[in-house]
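Structure first, then comments.
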Number of protein chains: 2
Amino acid sequence: MPAVQAMQPINRRPLHEEVVDRLRDLIVRGDLASGARLNERLLCERLGISRTPLREAIKLLATEGLVELLPNRGAVVAAIDAARLAEMLQVMGALEALAGELACRHASAARIEEIRALHKKMLAMHARGDLAAYFQYNQAIHLSIVEASGNSVLANMYRQLNANVRRARYMANFSKERWDDAVREHEEILDALANRKVAALKRLLQEHLANKLAAVLTGIEKAA
Amino acid sequence: MPAVQAMQPINRRPLHEEVVDRLRDLIVRGDLASGARLNERLLCERLGISRTPLREAIKLLATEGLVELLPNRGAVVAAIDAARLAEMLQVMGALEALAGELACRHASAARIEEIRALHKKMLAMHARGDLAAYFQYNQAIHLSIVEASGNSVLANMYRQLNANVRRARYMANFSKERWDDAVREHEEILDALANRKVAALKRLLQEHLANKLAAVLTGIEKAA
DNA sequence: GCCGGCATTTTTGCATGCAAAATGCAAAAA
DNA sequence: TTTTTGCATTTTGCATGCAAAAATGCCGGC
C-alpha cells in the first residue's frame, strides 16, 4: 500500500466550491472587470463545467457582493463605487479593531513572532521597492492578526470584505509617501500587538484603515 | 392607460430568493431544528418547486452559516454551539458599536423619533408581559439603529448575524430579571442616541450585547 | 444472537432540456 | 432620417435526467 497518499482520504471538494474560488480570483485580480457580464455559456466553456455549478457559484458570489444579479438578465461583476468602498473599509475598521483587541488578549507569543516575521519580510519588500510582494505580505499580516483573534466568524467576515476591497487596490496604486507612511503605521501596529497594548492597537488599526481609505479613494477618483 | 399601477414595473422576484427567505424563516423560527437534515426531495415537495432553485438556496444559506454542507451527504441545519454564538455576538457588538457611532453622527431627528416610537411600544409590551411582541420591537429597534448608520454593508452583515443569533434566542427564554435589566439598558441606549453621546452609546450597546450573550448562554446550557 | 459483507434503494452532484424573457436587428412607418 | 414594431436569436430560469456515492436492509457466518 502506498504510504502517505493512501492515508489522507481523497476529499474532492464540491465542484461549485472550486468554481466559486476560481471566479472570485478572476474578479479580485481584475481579469473579469467591473461591470463585465457573466455569460453562463461562455464561462461554462472556459471552465469546462456545466451551468448548474456555475449558477450556484454566481449566486454565492452575489451574497459576497462581488457580482450583482440582474433578474432575467444574468449577472455582472459588481462595480466598486467609492461610497460602497468607504462603507466596507469602515466595517473592516471595526472588525480589525475587535480582532486586534482579541489578538492582544489571547494570541500566543509564537503567533506574534510569526506576524513579526511576516512584518520583517514586508519591510524587505518595501526596501526593495517590490510593490506586489509588499502587498502579499501586507495582506498576510492583516489576515494573521484577524486569525489570531481566534474568532472564526470575525475572520470569515473580514476575508469577505477584504476580497472586495482588494479589487479596488489593484486599480489604485498609491503614492510613495503613502507607502512609506503605511510601513511606519505597520511598525507601530506590530509594536502595540507585541506589547499587548490593546487600546493603542485598536486605535492604530482604525487609523491605518482610515488612511488606506483616503489613499484608495483618491486612487479610484483618478482612475474614474 | 391605468395611471399609477402601470408606472411601476412588475418585478417578479427570482424563485431562489423566495426559497432562501422561506428556508431561513423555517430555520430561524425553529421549524427546522438544529441538526435536521435538509432532504432535497422532501423540501421540493413541501415548497412545490424543483431541486435546482432549492439547491441554490441551500448553498446560499450555507454561506450565511445557517446550514452546513456535508459533501455527498447533503445539508443539515447548522448546530448552534455556545462558542460560535459567543463569537457571533462579539462581532455583533463591534458592528453595533460602529452603527451607534454612525447613527449618532448622521441620523436625522425624524429617524431618532421613529426609534423612540418603537421603544415606547416595546415598553408597553414589557409592561403587558407580552414577550413575543417585546422581542419583535426589540429586534426592530436594533435593526433601526443599524440602518440609521447609513452603512448598508454594515446593515447586511448585522442582519446575517442576527438571523443566526435569533435561533438561539428562541431556545433560551430568559429570566424576568434579565428582561427588566434589558429594558433599562434600552432606556439608556435611546437616551444616549437622542443626545448624540457617541462614546456612551457605543459602550452601552456593547454592554447590552455582552449581557445578552451571558443570558443566552445560560439559557442554552439549560436547554442542552 | 450479533457482526460483517453484499445487494438494493435512496439521495446527492452534475448535466442537459425546455419554455419564457430579453436582446438585437431589420423592415416599416412617421 | 429617426423611430417603432415584429421577428429571430440568445440567454436566462427552472425542471428533469442520469450516474455515482451513501444509506439501508438482508443474509450468511461466526
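Chain identifiers are assigned alphabetically (A, B, ...) following the order of the sequence lines, protein sequences preceding nucleic acid strands; residue numbering begins at 1 within each chain.
No side-chain donor-acceptor contact under 3.5 Å links A:Glu64 to the backbone of A:Gln160. The backbone N or O of A:Met125 sits nowhere less than 3.5 Å from a side-chain atom of A:Asp130 that would complete a donor-acceptor pair. Remark: side-chain polar atoms of A:Glu87 are paired, donor with acceptor, to backbone N or O of B:Ser152 under 3.5 angstrom. With hydrogens and angles ignored, the 3.5 Å screen pairs no side-chain donor or acceptor of A:Asn162 with any backbone N or O of A:Tyr158.
Residues B:His186 and B:His126 place their aromatic rings such that the two centres sit no closer than 6.0 Å.
Legend: ring-ring contact (aromatic ring centres under 6.0 Å, His included) pairs involving residues 40-68 of chain A, not counting sequence neighbours: none detected.
Here B:Met157 contributes atom CE and B:Asn151 contributes atom CG; the two are 10.0 Å apart, rounded to the nearest 0.5 Å. Atoms CD and CG, from B:Gln136 and B:Leu118 in turn, are 11.5 Å apart once rounded to the nearest 0.5 Å.
Helical stems involving DNA chain C, defined as 3 or more consecutive Watson-Crick or G-U pairs under 3.5 Å, span C:1-30 with D:1-30.
From the 5' end on, the contacts that DNA chain D makes with chain B at under 4.0 Å to a non-hydrogen atom open and close at D:dC14 to D:dA23.
Using a 4.0 Å cut-off on heavy atoms, the residues of residues 65-78 of chain B that approach DNA chain D are B:Asn72, B:Arg73, listed by number. Contacts between residues 45-63 of chain B and DNA chain C, counted as heavy-atom distances below 4.0 Å, involve B:Arg51, B:Arg55.
B:Asn156 and B:Arg159 form a side-chain donor-acceptor contact under 3.5 Å, judged by distance and modelled atom types alone.
Within 6.0 Å of the CZ atom in B:Arg22, the count of heavy atoms belonging to other residues, nucleotides or ligands does not exceed 12.
Nearest heavy atom pair, residue B:Ser34 against residue B:Ile80, reads OG-CG1, 3.7 Å.
A:Glu40 pairs by the side chain to side chain donor-acceptor pair (under 3.5 Å) definition with A:Arg51, A:Arg55, not counting sequence neighbours.
Residue contacts for B:Leu42: at a heavy-atom cut-off of 4.0 Å it reaches no nucleic acid atom on any strand shown.
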